[in-house]
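Below is one structure, written out as structure tokens, with a few remarks after it.
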Amino acid sequence: MSKSTIWNPEMECMDPAERRKLQGKRLRETVQHEYDNVTLYRERMDAKGVKPEDIETIEDIVKLPFMEKTDLRDTFPFGLFAVPNEEIVRIQGSSGTTGKPIVSGYTEGDVEIWTEMVARAMASIGASREDVVQVCYGYGLFTGGLGAHQGATRTGTMVIPMSSGNTQRQLMMMQELGTTILCCTPSYAAYLGESIRNAGLVPGRDIKLRAGLFGAEPWTEAMREHIQESLGIDARDIYGLTEIAGPGVAFECEEKHGAHINEDHVIAEIIDPVTGKQLPYGTAGELVFTTITKKGMPMLRYRTHDICTLYNEKCACGRTTVRMGRITGRTDDMIVVRGVNVFPSQIETVLVKTPGVAPHYQLVVDRVNNSDTLEVKVEMTGEVFSMTDSLGEMQRLQKHIQNQIKSVVGIMTKVTLTAPGTLPRFEGKAKRVVDNRKL
Ligand code: DLL
């Protein structure tokens, strides 16, 4: 088994006081770059009466206005780019609150930074030339596939770009090519573990896996134990989001005591989601990120809506970076299903446009056999309900809704048609999501 290594000791093990100085310097440069090149942010700073000169040290970050996912939607596609399009070499994206994806643009340097961040995560599980890395995150606009791919390539491993799905083929390649490191969502890792057992394969004998980097969705310590047991591996958490880079913003070391944040590239804060006030280390709140090296689409005080706690105690691994605990929930209504971000509003748009169903619906998320499921319960209109005497007609409507949702959200759901008046009605804020997964 390869040994866990620190990819960039100079940056990862830097004296924290020195690092804060470096962060302050990089923050100043980023704010100036953003102010000079991004209209929305300049207007927002002007409205708050903040000038780039007011940002001298990292402590001044609290003077800056926040950014939100809606800013990406409202300026889609290029409004937040801080360099001319000729300098952008890559677009990645994820779900927004409407059918349109939100996109992020990367310069060559930004891709390089992102690659370095994932390489650090790979090195922390000891990835080297002897390893074979199977990437089962989706390749495409989603950052999982290409992100893991680039980082694994940087550490010299043999990469198998499988993308997601086709489990039998994944297992065949895993056996034939001797995969040692697995990259996928934790729920898919658990599913692979089950499939390996069902196929009568024995980890250690038929399968050479030794480690995995799992993320893109919340998971628990219990889930980690389950995956480690069923695959016979060391399972580590990797966190990230498209708006900031992709996977690799933070990753776990061998201590498995929170994910180390790549603080030479980002500044992490925890805020009170209601007041927006910064909270001290050790207190749970909303995670906010500022990129300090990115050029294509820098993000200043980006509200992730992910809830977690930051820790700055020394870590036994030798890294001196701040760590983030597991994501325990979100402050908005986004749900993450099998690593895919889903907003109830996307599903609502489909339902409202479908003749024969009423605008009353409920989304039920569950975990069955370690895999996330999403059921969309929707009421038929009285008219259709009274006419729908043939089973075939109902199945046609169900299939139609399922296909429409798949084309907008990108995942398969179970659609259940219910009789008029059977789903809950709300007097205040509607509660559309019932999440039965235990976090
Ligand atoms: O999910 C990037 C990624 C890919 C991370 C592969 C790790 C591995 P988005 O599609 O933009 O990017 O979704 C970002 O997913 O705000 C969290 O809510 C959730 N998320 C990502 N990683 C984790 C994790 C990718 N390790 C959103 N634990 C984030 C819990 C996670 N939630």
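Numbering of ligands and ligand atoms starts at 1, following listing order. Each residue takes its place number in the sequence, starting with 1.
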Q: Consider only side-chain N and O atoms of Asp131 and Thr180, and report whether a donor and an acceptor are under 3.5 Å apart.
A: yes
Q.
Give me the nearest non-hydrogen protein atom to atom 13 (O) of ligand 1 as residue plus atom name, then the distance to 0.1 Å.
A. Asn341 ND2, 3.1 Å
Q) Do Lys69 and Asp332 sit within salt-bridge range, that is, some charged N less than 4.0 Å from a carboxylate O? A) no
Q | Cation over ring face, Arg432 and Tyr361, 6.0 Å, 45° | A | yes
Q.
Would Gly246 count as being in polar contact with ligand 1, using the rule that some N or O on each side must be under 3.5 angstrom apart?
A. no
Q. Could an N or O of ligand 1 be found under 3.5 Å from any N or O of Trp219, whether backbone or side chain?
A. no
Q. If you measure from the Lys or Arg side-chain nitrogens to the Asp or Glu carboxylate oxygens, is any gap between Asp272 and Lys277 under 4.0 Å?
A. no
Q | Pair Lys295 + Asp110, salt bridge at N-O below 4.0 Å | A | no
(Q) If the threshold is 4.0 Å, N to carboxylate O, is there a salt bridge linking Glu217 and Arg338? (A) no
Q. Could a heavy atom of Arg330 be found less than 4.0 Å from some atom of ligand 1?
A. yes
Q. Considering Gly138, Ala216, Pro218, which one's heavy-atom position lies nearest to atom 15 (O) of ligand 1?
A. Ala216
Q) Backbone, side chain, both or neither: what part of Asp237 comes under 4.0 angstrom of ligand 1, heavy atoms only? A) side chain
Q.
If we count only N and O atoms by modelled type, under 3.5 Å, do the side chains of Asn370 and Glu194 hold a donor and an acceptor together?
A. no
Q: Check ligand 1 against Gly144 and write out every atom of the ligand that is under 4.0 Å from a heavy-atom position of the residue.
A: 4 (C), 6 (C)
Q. Is the shortest N/O to N/O distance between Thr242 and ligand 1 below 3.5 Å?
A. yes
(Q) Within the supplied structure, the quantity of interest is the number of heavy atoms (other residues, nucleotides, ligands) at a distance under 6.0 Å from Lys414 NZ; does it exceed 12? (A) no
Q.
If the cut-off is 4.0 Å to any non-hydrogen atom of Ile238, which atoms of ligand 1 fall inside it?
A. 7 (C), 22 (N), 24 (C), 26 (N)
Q | Any donor-acceptor N/O pair, Tyr106 side chain to Trp114 backbone, under 3.5 Å | A | no
(Q) Taking Val415's backbone N and O only, do any of them form a donor-acceptor pair with Gln398's side chain (distance below 3.5 Å, no angle check)? (A) yes
Q) Which residue from Leu241, Leu287, Asp306 reaches closest to atom 17 (C) of ligand 1 through any of its heavy atoms? A) Asp306
Q. Hey, looking at atom 21 (C) of ligand 1, which of Pro247, Gly240, Gly248 has the closest heavy atom?
A. Gly240
Q: For Ser94, take its heavy atoms, then give the atoms of ligand 1 lying under 4.0 Å from any of them.
A: 10 (O), 11 (O)
Q: Record the part of Glu217 in heavy-atom contact with ligand 1 below 4.0 Å; permitted values are side chain, backbone, both and neither.
A: backbone
Q: Report the part of Thr185 (side chain from C-beta onward, or backbone N, CA, C, O) that has a heavy atom under 4.0 Å from ligand 1; answer both or neither where that applies.
A: neither
(Q) Taking 4.0 angstrom as the limit and counting only heavy atoms of Gly215, give me the atoms of ligand 1 inside it, by number and element. (A) 7 (C), 8 (C), 26 (N)
Q. Going by the atom numbers of ligand 1, which of them fall below 4.0 Å from some non-hydrogen atom of Phe142?
A. 1 (O), 4 (C), 10 (O), 25 (C)
